[in-house]
Every structure is written in C-alpha cells, then in structure tokens.
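Only a predicted model underlies this, so the values are computations on that prediction, with no experimental measurement involved. Count residues from 1 along the sequence.
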Amino acid sequence: MQRILHINIPFVTGRCDYYGRILFHGVAPSTKNAYVEALTGEVHSLAPEIDAPFTTLCLSNGAIGTIEPRLLRAFFRDLKKTMPFKDDCRLYAEADPGLLSSALMAELKAGGLAMLRMHYLTSDSVESERLERPCSLIEMQKTNIVLESLGATKIDMQILVGAAGQTTKSLIKTLRDAALSSNVTHCTIIPAQGRLACENDEKASLLSVASEFLKEHGFVRYTPLCFAKNESFVPEESNRYSESKHIGVGLSEISHYNEMNWANCTDFKTYIDRAADPNSIVAAAFEDTSDVVAARAVVRALYTLNAVDADEPFVAELVSERLLERRGDAASLSERGCIEFSRVASTVFSRALVR
C-alpha cells in the first residue's frame, strides 16, 4: 500500500488567482519562516499516530523555490528524524521556472528527488503578460542550466488550459515547447480559474486538444488531468481517492489515514498560530462508513477513467450537466467532467451519504 506524506508549500511569486489553489505571493521571509515552523509543529504532533513508513513525500501546491535552501535543509533534517520513511522513499517537488538554485536542487537531490513538477503554464508571450508572469519558455532555460549541472531529473510540465484568450494554436505551441523538452516524462493540466478563465465548455474543448496532442507524442492519460510517458506516474496523483494512506501537512490539507478523514483550516494566521495543537487546526473530521467507502470507490473509478453503473442515483444528474457521458448501462467522465472533477466528486459523496 502506498503511504504518502504531502507537505503544502503555499507560496509563489507573482499573480496566482488563476491556479484554483490557495496560494500566496509577496509573503515576507519572516512569515515563511513562521509557516515552516508551523509545519514542523504539526509534523511532531502527528508523528506518534503514524504506524508505518511513508513511500512518497510530496512538496507541492506552490513553488519550492520560495523557501530558502538553509530553511529547507533544517526542515528536511527534522522531518527525517521525526517521521518514518522507506529507504527508497520518492520525493516530488513543485517549482516555478527560473527560480531554482543549485543549492536548492542539491537539497532536493539529497532528499531523493524523483520528479520536479514545473509550473510551466504557457510559453506564449501574450498569455504570459496577461497572467502577469515571466515567459516560461525563457525562464526554463535558466532552470535547465541548473538541472544539467546536477544531472538528469524527470520533469512534469504543468500546463494552464482555459485562460481567457488562449487559442488552440497557442496551446499547441505551449505543449510543443514544454512536453517535448528533454527529460519531460509527465504533463499535468491546470484548468484556469477565476477572472482570467474562459467558460468551462471552452476549457473542455481545449483539454481535448491537449489530450490528443499528448497521446500522439507518447503520453498516456491515467487521470482526468495527468499524462505520463514511460509509466512515469506520480503516486500522489495515481493514488488519489484510493485506500492508500495519505497525510497532508499544512494549510487546507486533507488526510485519509486508518479510517479517519480530516481537513485542516484554510486561514493562514490560524494555522501558523496553532499548528502545534492538531485539534485546533482541524476544520472537519469524520470516520469512514460503508457509504463513505462506497462513494470513494465510485469516485476512484471515475478518477482513473473507468466507467460506473449508469443506474446509480447520481448518474442522471451528472449526465444532465454533461459531466458524465452515458453509453448503455455505463457512464464515464466527459471532458467537461474532467475539468470539473471536484464537482463530480462532491456530487457522488453527497448522494451516497443521503441514501
């Protein structure tokens, strides 16, 4: 069984409202230090409950390059002393192009880096300006210099799909520049959110374009928004909604461990002030029941692109909203359903719990 420890790094540089994630930019170093201290406090409070070593460690959501290498080194050292890890535990970390130093990469390599997940977003200069971020195509050249100096690293390119003004032509340009780069073995689609996003139908159409392009170039789709080459699946993604044990540490993190489910608070100040006391940062918690387990199995089937029984009570509703496509006695995700998967999952869980 996979055991995954996810550490939320919620910081990025520049505008971040189009990610659809809880992220912060322009944060003072002192506040970042306080957040890392809070992470350490939560880790220490959870450690006594962990009954087996973790197989995967993920540093994600925001960009690891926003944390100073010395701070990361100290956090790693404490984490490895406090939590149990398998000897071959794999590390996955997210980063912004152009913001990786040799010192930071050395820390990640020492921690067992298996894949670097880049917030590539777009290589189109007009789209980059609209997103208020440097052009990823240019910034990746700086990152590649760092990567080449420390040896090959597998890369996941995260591509933004559905930003207002994005066209099929500009999307394919981004995919060609990003997904066909050397060492790129994974591609993750980020559906644009907020004021800079186009309508969901248009996003779904662009997702279909991206899917066809990636499949034509050797990538296999294994979740609604993830594509892998040479079986370079990301455990955090491939095991989502499964029975794997998953601990999330940090702001707004969700955990599933030993038949318990809980979610951390989403208020930044509350988390920093109270992280050493796990009960005070938990916003919601509930135990697995037969209905929860059944709902998770259905959501898991859809998430792994399999079909479900069309006679389930929630199917008709999701079909009417074009989130599922029905074919005879089975139903599976539509492209729109892939874009709006959180809505699909929410509907399945809510319907299962009222039966």
Does [atom1] belonging to [X] count more than 12 external heavy atoms closer than 6.0 Å?
| X | atom1 | value |
| --- | --- | --- |
| Glu317 | CD | yes |
| Asp329 | CG | no |
| Leu180 | CG | yes |

If the threshold is 4.0 Å, N to carboxylate O, is there a salt bridge linking [X] and [Y]?
| X | Y | answer |
| --- | --- | --- |
| Glu231 | Lys154 | no |
| Arg73 | Glu68 | no |
| Glu132 | Arg130 | no |
| Lys245 | Glu259 | no |
| Arg296 | Asp288 | yes |

So, using side-chain contact (heavy atoms from CB on, under 4.5 Å) as the criterion, who are the partners of Arg322 when residues are at least two apart?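 By the side-chain contact (heavy atoms from CB on, under 4.5 Å) rule, Arg322 matches Asp201, Arg336.
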
Pro224: which residues meet the side-chain contact (heavy atoms from CB on, under 4.5 Å) condition with it, sequence neighbours left out? Tyr303, Leu305, Leu333, Cys338, Phe341

Ring centres under 6.0 Å, that's the criterion: do [X] and [Y] meet it?
| X | Y | value |
| --- | --- | --- |
| His217 | Phe227 | no |
| His119 | Tyr19 | yes |
| Phe219 | Phe213 | no |

Is the His246 ring parallel, tilted or perpendicular to the His6 ring (thresholds 30°, 60°)?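 The rings of His246 and His6 lie parallel, inter-plane angle below 30°.
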
Look up atom [atom1] in [X] and atom [atom2] in [Y], then write down how far apart they are to the nearest 0.5 Å.
| X | Y | atom1 | atom2 | result |
| --- | --- | --- | --- | --- |
| Thr13 | Phe24 | OG1 | CZ | 15.5 Å |
| Ile272 | Ile281 | CD1 | CD1 | 11.5 Å |
| Glu139 | Tyr120 | CD | OH | 10.5 Å |
| Leu175 | Glu212 | CG | CD | 12.0 Å |
| Ile67 | Glu107 | CD1 | CD | 13.0 Å |

Hey, are the side chains of [X] and [Y] touching, using non-hydrogen atoms and a 4.5 Å cut-off?
| X | Y | value |
| --- | --- | --- |
| Asp17 | Gln193 | no |
| Glu127 | Ser170 | yes |
| Leu147 | Met105 | yes |
| Leu57 | Arg90 | no |
| Val234 | Tyr92 | yes |
| Asn8 | Ser252 | yes |
| Thr174 | Met157 | no |

Considering all heavy atoms, the nearest [X]-[Y] contact:
| X | Y | answer |
| --- | --- | --- |
| Val292 | Phe349 | O-CE2, 3.9 Å |
| Leu214 | Cys187 | CD1-SG, 3.9 Å |
| Asp177 | Ser123 | OD2-OG, 2.8 Å |
| Gln2 | Thr55 | OE1-OG1, 2.8 Å |
| Ser45 | Ala276 | CB-O, 3.8 Å |
| Arg326 | Val319 | CB-CG2, 4.1 Å |

Among Thr122, Leu206, Leu160, whose side chain to side chain contact (heavy atoms under 4.5 Å, CB included) with Leu171 holds?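 Among the candidates, only Leu206 passes.
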
Name the one of Cys58, Cys89, Ser242 that satisfies side chain to side chain contact (heavy atoms under 4.5 Å, CB included) with Ile4? Cys58

Criterion side-chain contact (heavy atoms from CB on, under 4.5 Å) on Met115 and Ile155, from CA distance to verdict: CA-CA 5 Å; Met115 181 180 288; Ile155 296 175; 5.7 Å; no

Is NZ or CZ of Lys80 both nearer than 6.0 Å to the six-membered ring centre of Phe85 and within 45° of the ring axis?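 Yes, Lys80 and Phe85 form such a contact.
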
Do we see a donor-acceptor contact under 3.5 Å between the side chains of Asn239 and Arg300?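 No pair is found: no donor N or O on one side chain lies under 3.5 Å from an acceptor on the other.
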
